[in-house]
Amino acid sequence: MNKRRRITVAALSASAVLACGLLAAPWAPRLSTQVSGDAALAEAVRPLLQKPADKLSVAYLEDGTVRIAGFGADERTEFEIGSVSKTFTAALLADAVERGEVTLETTVAEILGPDLRDPEAEIGTVTLAELASHRSGLPRLATDPGALVSSFLNSALRRDPYTAPPAEVIEHAQSASLGGRGTVAYSNLGYAFLGQLLAKEAGMDYADLLQERILEPLGMKDTYVPVTAGNLRPDAPTGRAASGLPHAAWTANGGAPMGGIRSTTADMSLYLQALLAETAPGSAALEPRWDMGEGDGGEGDGGGERVGLAWFTQVSSSSGRAATWHNGQTGGFSAMVAMDREAGTAVLILSNVAAGQDEAALALLKEGL
């Protein structure tokens with residue numbers, strides 16, 4: 001091979017390596033310039049979006065009307081809503097209480113019965129209210145060594161870290177140590193456990209329970225719980241990290257009650273309308289019942305914060321207005337819901353990037369249109 005040819009081959013090889021590297025490298029997400037829906041709403045929210053974004057959909061509800069705008073998305077675009085799923089599980093609990101099937105003081109032992117691994121264990125005395133308000137003492141995640149390894153590896157590979165089926169979720173909750181019971185400490189494990197307990201009590205799986213008692217009554221036809229990747233709808237979208245790296249779908253399996261729901265802005269607007277009107281099944285979940293306690297954090301501008309069944313309520317120290325909210329984030333999506341129940345307004349922001357738009361939603365709720 002002559003010198004010129006060697007130089008040419010080397011240059012082509014270097015270019016190929018560079019091209020492959022560029023294709024594999026993360027690209028910082030940029031908000032889509034393709035705007036749909038309510039132009040005035042899009043212009044109002046655009047300057048508030050301080051976190052990385054790509055495809056994003058926003059809804060603003062006021063006086064029974066819904067305004068929706070999208071950036072590279074529309075009202076039917078599918079998103080993972082992450083931990084906003086917990087509000088649906090809380091609604092199932094409140095609805096079951098209204099039906100007389102359980103009470104907030106029903107214990108784990110009462111539901112598991114002979115399936116309780118250790119009748120003397122403290123977990124058996126934990127109530128549904130404690131699980132629903134993050135006061136059970138359960139850790140944020142399962143502490144079983146196998147679960148920890150699986151979660152770590154899947155996270156590193158940008159896959160769903162929640163793969164335990166319902167029976168394992170119940171086992172993980174029973175094997176975990178309780179700590180700080182009675183104080184608010186956010187627990188994904190606690191909510192996964194709660195949802196599976198409610199499903200067991202109702203005699204059906206979580207996805208069917210949610211469909212029958214919440215989604216169908218509200219007409220939320222595009223909202224579903226895939227549970228496993230095999231149940232995702234055709235062309236179900238995946239999202240990206242804030243860095244731009246792609247992530248596989250999170251379906252959460254037995255953890256679905258804490259973060260496995262997929263929905264659209266149109267469907268979530270139906271949910272919010274019913275919550276504001278207090279006509280949604282399990283609307284009582286919204287009521288703030290327990291103080292968060294100093295140092296537990298929260299959103300807003302310094303006012304006190306309380307927790308209900310899933311929902312957090314932050315009172316502004318400057319205006320005295322209360323924002324009731326919940327956010328969510330998966331490997332590739334983020335979601336934020338905020339309501340001013342007294343004013344009858346609500347804001348929803350769904351994004352296909354794992355970078356929460358919480359501040360934008362709260363600012364829009366406060367400022368209005």
Side-chain angles (χ1 to χ4, degrees), residues 35-49 53 55-71 73-79 81-88 90-91 94 214-215 217-223 261-288 299-300 308 310-316 319 321-328 333-351 356-369:
V35 178
S36 64
D38 191 301
L41 175 57
E43 287 307 303
V45 76
R46 190 196 304 269
L48 301 177
L49 301 173
K55 295 179 180 179
L56 182 145
S57 188
V58 56
Y60 184 83
L61 289 74
E62 183 177 29
D63 296 329
T65 63
V66 180
R67 299 168 67 173
I68 296 175
F71 298 87
D74 60 29
E75 63 180 11
R76 296 295 177 189
T77 301
E78 184 178 305
F79 296 87
I81 65 170
S83 285
V84 176
S85 303
K86 292 180 175 69
T87 70
F88 287 86
I214 306 294
L215 304 183
L218 294 179
M220 299 175 68
K221 297 180 180 179
D222 291 325
T223 302
I261 297 176
R262 284 180 164 243
S263 191
T264 66
T265 310
D267 266 19
M268 289 297 291
S269 294
L270 293 174
Y271 180 51
L272 290 175
Q273 280 183 307
L275 287 174
L276 288 172
E278 299 183 0
T279 58
S283 292
L286 286 167
E287 295 305 318
E299 303 295 328
W311 293 97
F312 300 99
T313 297
Q314 177 79 33
V315 179
S316 168
S319 68
R321 306 292 297 186
T324 300
W325 63 276
H326 209 294
N327 57 9
F333 293 83
S334 61
M336 177 61 174
V337 174
M339 293 176 280
D340 183 332
R341 298 172 63 201
E342 183 179 348
T345 58
V347 172
L348 164 72
I349 298 181
L350 302 178
S351 172
Q357 301 291 348
D358 301 7
E359 293 83 0
L362 290 167
L364 184 60
L365 183 72
K366 182 179 179 180
E367 297 170 8
L369 291 178

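Side chains included, hydrogens not; waters and symmetry mates left out as well; all remaining heavy atoms used. From a predicted model like this one, the values you see are computed outputs, not experimental measurements.
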(request) Would you please name every residue forming a salt bridge (charged side-chain N to carboxylate O under 4.0 Å, His left out) with R46, sequence neighbours left out? (result) E43
(request) For R341, check salt bridge (charged side-chain N to carboxylate O under 4.0 Å, His left out) against everything at least two apart and list the hits. (result)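 Salt bridge (charged side-chain N to carboxylate O under 4.0 Å, His left out) check on R341 returns E278, E287.
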(request) Might you work through the side chain to side chain contact (heavy atoms under 4.5 Å, CB included) test for L365 and T345, ending with a clear yes or no? (result) CA-CA 7 Å; L365 183 72; T345 58; 3.5 Å; yes
So which atom in [X] and which in [Y] form the shortest heavy-atom distance, rounded to 0.1 Å?
| X | Y | answer |
| --- | --- | --- |
| L41 | R67 | CD2-O, 3.3 Å |
| L350 | A335 | CD2-CB, 3.5 Å |
| G64 | Q273 | O-NE2, 3.2 Å |
| A94 | A285 | CB-N, 3.9 Å |
| P281 | I214 | CB-CD1, 3.6 Å |
| L218 | A280 | CD2-CA, 4.2 Å |

(request) With sequence neighbours excluded, tell me which residues meet side chain to side chain donor-acceptor pair (under 3.5 Å) with T265. (result)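 Scan of T265 (side chain to side chain donor-acceptor pair (under 3.5 Å), adjacent residues dropped) gives S57.
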Can you tell me how far apart [atom1] ([X]) and [atom2] ([Y]) are? Round to the nearest 0.5 Å.
| X | Y | atom1 | atom2 | answer |
| --- | --- | --- | --- | --- |
| K55 | S351 | NZ | OG | 11.0 Å |
| T87 | L272 | OG1 | CG | 8.5 Å |
| L215 | D267 | CG | CG | 8.0 Å |
| T223 | I81 | OG1 | CD1 | 7.0 Å |
| D38 | E75 | CG | CD | 11.5 Å |
| T77 | D222 | OG1 | CG | 10.5 Å |

So do the side chains of [X] and [Y] get within less than 4.5 Å of each other, counting heavy atoms only?
| X | Y | value |
| --- | --- | --- |
| F71 | V45 | yes |
| Q357 | M336 | no |
| L48 | L364 | yes |
| E342 | R321 | yes |
| M268 | F79 | no |

(request) Apply the test side chain to side chain contact (heavy atoms under 4.5 Å, CB included) to residues M339 and L275: give CA-CA distance (whole Å), side-chain angles for both, the deciding distance (0.1 Å), then the verdict. (result) CA-CA 9 Å; M339 293 176 280; L275 287 174; 4.2 Å; yes
(request) For the residue pair F312 and H326, categorise the inter-ring angle as parallel (less than 30°), tilted (30 to 60°) or perpendicular (more than 60°). (result)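 Geometry flag for H326 against F312: tilted rings.
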